[in-house]
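Structure first, then comments.
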Number of protein chains: 2
Amino acid sequence: MTTRWLSPEEQRAWRAYIAASRLLEDAIDRQLQQEGGMPHLFYSVLANLSDAPDRQLRMTDLAETLKITRSRLTYAVTRLERDGLVRRENCRWDKRGSLAVLTDEGVAVLERTAPGHVETVRALLFDRLTPEQVGQLEEICTGIAQGLQGENESAAAAAEDVPWRRRSGSCSGSSPAE
Amino acid sequence: MTTRWLSPEEQRAWRAYIAASRLLEDAIDRQLQQEGGMPHLFYSVLANLSDAPDRQLRMTDLAETLKITRSRLTYAVTRLERDGLVRRENCRWDKRGSLAVLTDEGVAVLERTAPGHVETVRALLFDRLTPEQVGQLEEICTGIAQGLQGENESAAAAAEDVPWRRRSGSCSGSSPAE
DNA sequence: ACAGCTTGGTTCAAGTTTGAAACAAACCTA
DNA sequence: TAGGTTTGTTTCAAACTTGAACCAAGCTGT
């Protein structure tokens, strides 16, 4: 079949998206690097741990919610561990498992860093969006993300006998947002 | 001033955005790596050159439209040059300058790779958006991008005597989209 | 109880990105 | 026109990412 190229509208949207996402991530990385000494992803690791029950999470679960590979997470946690912000513990239920635990120092760093980060996200993104646009953005991104995960999961599910997975419960938590 | 945290809606939107952009870039990178042997950024370099008059662009201009640092572009072009897809020439007007020129082989690779790429972008993004959402996405991203550049440029402009810059003309071109 | 498959994590090398120099050519300005 | 600043680009080391092994521990069927 002959390729269906992007329409002018799609093309404009695509280019705008690329530009915006590149600029936004760069800006946020720079801010976090300066004020927190770490890239955005590492901050997200801390933020996610702080939201988790007991401030700890299994590596795979964390990687999954962050949408990154396990090896990338291993690197991040290793670095954060070296800096004393996270500690590793082995999972008692599953001897293969490894838990990343947020240390007190990690909490402190997170609390010190969060305001500047949120301020930045606000200034660069939300202050420039109307409430409707916030809703639109969420809807668009949720759909896209679902589609992208759905692929893997449905493929995986189709290849599996058991379609539902049991996972350690997450949820709740009121802490320095991300 | 006490930090204004993100509202629940903003928080949801932010998380969804992070997830979507991470998954999307990963998927696109994987596709392009497999079928074209290069990451998305490198493809974009080729695509942008192919749109340019004479299939050539100054390094700085290219970096600017791609929203990346000059040193990042230097690396990309060096690699593409090693692979024979791009060639460097020195700018005659400005002996400091360097031009990146798309080679015939570069054109060929681009033409061979573009359909799969566009197909992917379509499947992962546009096929999941209504026409209105495409418009919304463009508007949102354009605004954000402008804001993010505006900062630098207005800061730079404020620090300059001459507010407008002369740049080699760009525009036009009908080629394997990006 | 054991062979074989799956899952959770890490390791390692190769590739890419970052940011701060280093350079050279162009552009003032006195 | 010499000296000082700015602009265009590259270089270099350190940091980060990727993907393909690899290893150990759980699970399965026999």
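Scope of the values below: all heavy atoms of this structure, side chains included, with no hydrogens, waters or symmetry mates. By convention in this document, chain letters (A, B, ...) are assigned in the order of the sequence lines, proteins followed by strands, and residues within each chain are numbered from 1.
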### Query
Between atom CD in Glu81(A) and atom C1' in dG9(C), what is the gap in whole Å?
13 Å
### Task
Pick base, sugar-phosphate or nothing for Ser98(A), based on heavy-atom distances below 4.0 Å to the nucleic acid.
sugar-phosphate
### Task
Take the C1' atoms of the five end pairs on each side of the helix from dA1(C)-dT30(D) to dA30(C)-dT1(D), derive the two axes, and give their angle rounded to 10 degrees.
20°
### Task
Starting from P on dG8(D), measure out to CZ on Arg88(B) and report it in whole angstrom.
16 Å
### Query
Quick one: what's the B/S/- string for nucleotides 16-29 of chain D, heavy-atom cutoff under 4.0 Å, read 5' to 3'?
BBBB-----BS---
### Task
Just say parallel, tilted or perpendicular for the rings of Phe42(A) and Tyr75(A), cut-offs at 30° and 60°.
perpendicular
### Query
Closest heavy-atom contact between Arg22(B) and Leu66(A)?
NE-O, 3.3 Å
### Query
Which pairs with one or both residues in residues 75-86 of chain A pass salt bridge (charged side-chain N to carboxylate O under 4.0 Å, His left out), sequence neighbours excluded?
Arg79(A)-Asp83(A), Glu81(A)-Arg88(A)
### Query
Can you check the Leu57(B) CG to dT9(D) P distance for me, whole Å?
10 Å
### Task
Could you check how far CG of Asn90(A) sits from C1' of dT10(C), rounded to whole Å?
14 Å
#### Entry: Under the side-chain hydrogen bond (donor to acceptor under 3.5 Å, both in side chains) test, residues paired with Glu132(A) that sit two or more places apart
Thr130(A)
### Message
I need the CG-C1' distance between Leu62(A) and dG8(C), as an integer number of Å.
### Response
14 Å
### Query
Is any side-chain nitrogen or oxygen of Arg58(A) closer than 4.0 Å to OP1 or OP2 of dG9(C)?
yes
#### Entry: Sequence neighbours excluded, every pair satisfying salt bridge (charged side-chain N to carboxylate O under 4.0 Å, His left out) that has a member inside residues 114-123 of chain A
Arg122(A)-Glu10(B)
### Nucleotide dT18(C), atom P - distance to CG of Leu73(B) in whole Å
12 Å
### Query
Looking only at side-chain N and O atoms, does Thr74(B) come under 4.0 Å of OP1 or OP2 in dT9(D)?
no
#### Entry: Arg70(A) CZ to dC12(C) C1', straight-line distance once rounded to whole Å
16 Å
## Note on the structure
Residues at least two apart in sequence or cross-chain that pass ring pair (Phe, Tyr, Trp, His ring centres under 6.0 Å) with Tyr17(B), listed by chain then number, are Trp14(B)
### Message
In whole Å, I'd like the distance from the CD atom of Gln56(A) to the C1' atom of dG8(C).
### Response
16 Å
## Note on the structure
Contacts of Glu9(B) meeting side-chain hydrogen bond (donor to acceptor under 3.5 Å, both in side chains) (sequence neighbours excluded), chain-then-number -> Ser7(B)
### Task
Just jot down the side-chain hydrogen bond (donor to acceptor under 3.5 Å, both in side chains) partners of Asp29(B), sequence neighbours excluded, or say none.
none
### Task
Return the set of residues passing side-chain hydrogen bond (donor to acceptor under 3.5 Å, both in side chains) with Gln33(B) (not counting sequence neighbours), or none when no residue passes.
none
